Amino acid sequence: MIRLSRRRLIGSLGAGAGGLLLSGCDKINSSPAVQSLLGLGEKATFRAQRIVSDRAALAPEYTASDMSPFFRTNGNRDPGTPEYDTHVANGFADWQLAVDGLVANPLSLSLAQIRSLPRRTQITRHDCVEGWSAIGQWTGLPLGMLLKQAGLRSAARYVVFHCADLSRGVPYYESIDLIDAFHPQTILAWGMNGQTLDVGHGAPLRLRVERQLGYKQAKYVMRVEAVASLAGIGGGKGGYWEDVVGYQWYAGI
Amino acid sequence: MDERETPRGGDTVYRHRLPVRLWHWANALAVFVMLMSGLMIFNAHPHLYWGQYGANYDHSWLDITPGHLRIGPLTIPTPHLLGVQSGGRTVAFPPWATIPTHYDLAGARQWHFAFAWLLVVPGLCFLLWGLVRRHFWRDLAPGREELTPRHLWHDISDHARLRFPTGEAARRYNILQKIAYGMVIFVLLPGVVLTGLTMSPGMDAAWPWLLHLFGGRPSARSIHFLCAMGLAAFILIHLLMVVLAGPINEVRSMITGRYRLPREKAE
């Protein structure tokens with residue numbers, strides 16, 4: 001006969017009850033009904049934010065004295081593919097940005113061409129979904145200007161960014177809707193803190209969509225594609241992290 | 001109750017009106033889920049800062065590291081409680097305290113922002129009702145006499161000795177209850193909601209005054225955490241008081257509204 005001391009008995013009963021409670025919680029969390037209810041909340045939040053926000057409401061802009069002394073890098077810090085390394089080696093001289101999809105005039109632009117187009121410089125706050133914030137200065141081409149030049153077709157609803165960096169073997173991708181695409185602060189940045197954008201922060205071109213969280217700020221942008229639906233992009237949720245871990249596509253909160 | 005003017009110990013009185021009861025339970029569920037999913041969100045970056053920016057290389061005022069909690073210059077060992085091993089990684093708050101149980105920032109955000117609606121919508125309705133129907137004036141506003149140091153001290157020492165009001169005196173909230181409920185309704189809950197909104201980059205664009213109010217997003221995140229801890233502390237004391245004051249009578253009164261006044265001690 002196994003003899004249990006009272007303390008061990010109470011301890012294991014406690015641990016058992018705790019374990020049962022935790023697995024019960026996991027069951028509730030993985031129930032499709034619960035998840036679809038939570039999805040309703042997500043939709044309500046997106047709608048509510050859009051209702052209270054003016055389309056052109058600007059994200060707060062800061063002064064040089066507010067800037068983070070050191071702007072950390074995160075996510076992929078270097079695509080490291082042979083093609084990308086070649087571009088880095090020759091200073092992105094042969095690099096081209098493709099603008100295609102539902103546009104009247106597909107474009108292919110060199111970095112020099114992009115830098116010669118009108119620019120916007122803004123000191124803004126970068127908010128990671130994990131909770132940290134960093135303030136930096138970004139200079140780049142307003143995305144709306146580029147889309148007008150390419151002639152967006154009326155069927156286009158979203159803009160997708162295809163990137164050079166691979167995560168788990170998949171090129172990073174992100175998407176935004178046209179409200180954010182034509183927002184005055186939405187730029188394809190080629191400069192940061194007064195310097196040419198470095199590899200760690202997304203050289204040669206990085207999206208800044210200032211009213212949303214960090215994972216929307218796609219780095220190493222190679223191609224801008226206008227689409228009618230996100231269904232055919234990756235897993236269909238509109239972005240790498242959205243597809244892989246379920247981050248919310250609308251990252252304004 | 002019969003014809004007597006003032007009820008006595010043992011009498012059943014109607015104590016909590018329906019809106020109070022409805023809000024209490026909706027809010028209890030909302031706060032429970034918000035606290036636990038919030039702890040999971042905190043686990044994604046267990047550091048707190050003051051100011052306009054704050055990331056790993058900046059000065060933090062609170063960190064949870066493996067087995068330790070640091071607040072300013074103070075480092076407290078927290079084995080098996082904070083900074084524990086779970087699923088092959090160190091998590092600041094342990095699985096039993098978080099929703100979901102295992103590290104899942106996306107899932108926690110989904111819970112947090114859905115239940116935020118259950119916190120805010122009934123909360124606003126309750127606030128409006130309390131103002132219009134004068135619930136806050138009638139039942140929560142402290143009387144001048146109640147705020148005298150003598151009265152406050154008397155109530156504190158009675159509570160410390162677990163001597164709770166009986167008879168007619170138990171019909172109304174005592175001054176410590178009024179202060180505690182007032183703090184929750186007018187400071188902690190509006191505080192978590194407003195600082196929560198301040199952490200949203202979309203809301204900062206829509207309502208820039210939020211950032212001015214709290215002095216930056218990292219500050220708002222710190223205040224959000226402190227308000228949440230304040231709510232957690234309130235819940236602990238609140239539940240303890242319910243148990244000490246007679247859990248069946250107390251819980252029943254919050255369900256049916258009817259409360260049996262505790263009998264006066266035989267003198």
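Owing to the predicted nature of the structure, the values given are computational and were not obtained by experimental measurement. Proteins get letters first, then strands, A, B, ... in listed order; numbering begins at 1 in each.
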Assess whether side-chain hydrogen bond (donor to acceptor under 3.5 Å, both in side chains) is satisfied between A:Thr45 and B:Trp117, documenting all intermediate values. CA-CA 8 Å; A:Thr45 305; B:Trp117 288 101; 3.1 Å; yes

Does anything in residues 63-72 of chain A get under 4.5 Å of chain B by heavy atoms, and if so which residues? A:Asp66, A:Met67, A:Ser68, A:Pro69, A:Phe70, A:Arg72

If you tally heavy-atom pairs under 4.5 Å against chain A, which of B:Phe115, B:Tyr57, B:Tyr49, B:Phe42 wins? B:Tyr57

With a 6.0 Å cut-off (strictly less than), is the heavy-atom count around CG of B:Leu236, excluding the residue itself, greater than 12? yes

Counting only heavy atoms not in B:Arg17, do more than 12 fall under 6.0 Å of its CZ? yes

Is A:Leu58 close to chain B through its backbone or its side chain, or both, or neither, when contacts mean heavy atoms under 4.5 Å? backbone

How long is the span from the CZ atom in B:Arg217 to the CH2 atom in A:Trp132, to the nearest 0.5 Å? 10.0 Å

Among the listed options B:Gly107, B:Ala55, B:Pro218, the residue most often paired with chain A at heavy-atom distances under 4.5 Å: B:Ala55

When rounded to the nearest 0.5 Å, the distance separating CD of A:Glu130 from CG of B:Asn56 is 8.5 Å

Just give me the residue among B:Arg221, B:His102, B:His47 that pairs up with chain A most often, heavy atom to heavy atom, under 4.5 Å. B:Arg221

Counting only non-hydrogen atoms closer than 4.5 Å, does A:Glu210 touch chain B with its backbone (N, CA, C, O), its side chain (CB onward), both, or neither? backbone

A:Asn29 versus chain B, heavy atoms under 4.5 Å apart: side chain, backbone, both or neither? both

Can you tell me how far apart CE (B:Met199) and CD1 (A:Ile253) are? Round to the nearest 0.5 Å. 9.0 Å

OG (B:Ser37) and CG (A:Leu38) are apart, to the nearest 0.5 Å, by 9.5 Å

Run the salt-bridge test on A:Arg211 and B:Asp204 with the 4.0 Å N-O cut-off and return the result as yes or no. no

Minimal non-hydrogen separation, B:Ala206 against A:Val52, with atom names: CB-O, 3.9 Å

Just do the side-chain contact (heavy atoms from CB on, under 4.5 Å) check on A:Gln49 and B:Ser200 with the steps written out, would you? CA-CA 10 Å; A:Gln49 285 213 354; B:Ser200 149; 3.0 Å; yes

Side-chain contact test, heavy atoms from C-beta onward, threshold under 4.5 Å: evaluate it for A:Cys25 versus B:Ile99 and give yes or no. no

Nearest 0.5 Å, please: how far is CD in A:Gln248 from CD in B:Gln110? 4.5 Å

side-chain contact (heavy atoms from CB on, under 4.5 Å) evaluation trace for B:Tyr53 with A:Asp127: CA-CA 9 Å; B:Tyr53 59 77; A:Asp127 298 327; over 6 Å; no

When only pairs under 4.5 Å are counted, which of A:Gly246, A:Pro60, A:Gly39 shares the most heavy-atom pairs with chain B? A:Pro60

Tell me whether A:Glu42 contacts the main-chain N or O of B:Ala114 through its side chain, where contact means a donor paired with an acceptor under 3.5 Å. no

Do side-chain atoms of B:Arg109 reach the backbone of A:Val129 as a donor and acceptor pair under 3.5 angstrom? no

Assert top hit (heavy-atom pairs under 4.5 Å, partner chain B, pool A:Ala59, A:Ser30, A:Ala48, A:Gly131) equals A:Gly131

In terms of heavy-atom proximity below 4.5 Å to chain B, should A:Ala251 be classed as side chain, backbone, both, or neither? backbone

Indicate yes or no: at least one non-hydrogen side-chain atom of B:Leu105 is less than 4.5 angstrom from one of A:Trp241. no

Nearest 0.5 angstrom please: B:Met203 CE to A:Ser53 OG, how far? 6.0 Å

Are there over 12 heavy-atom neighbours, none belonging to B:Phe186, within less than 6.0 Å of that residue's CZ? yes

Can you tell which part of B:Ile41 gets under 4.5 Å to a heavy atom of chain A, answering side chain, backbone, both or neither? backbone

Do other residues, nucleotides or ligands put more than 12 heavy atoms under 6.0 Å from B:Trp96 CH2? no

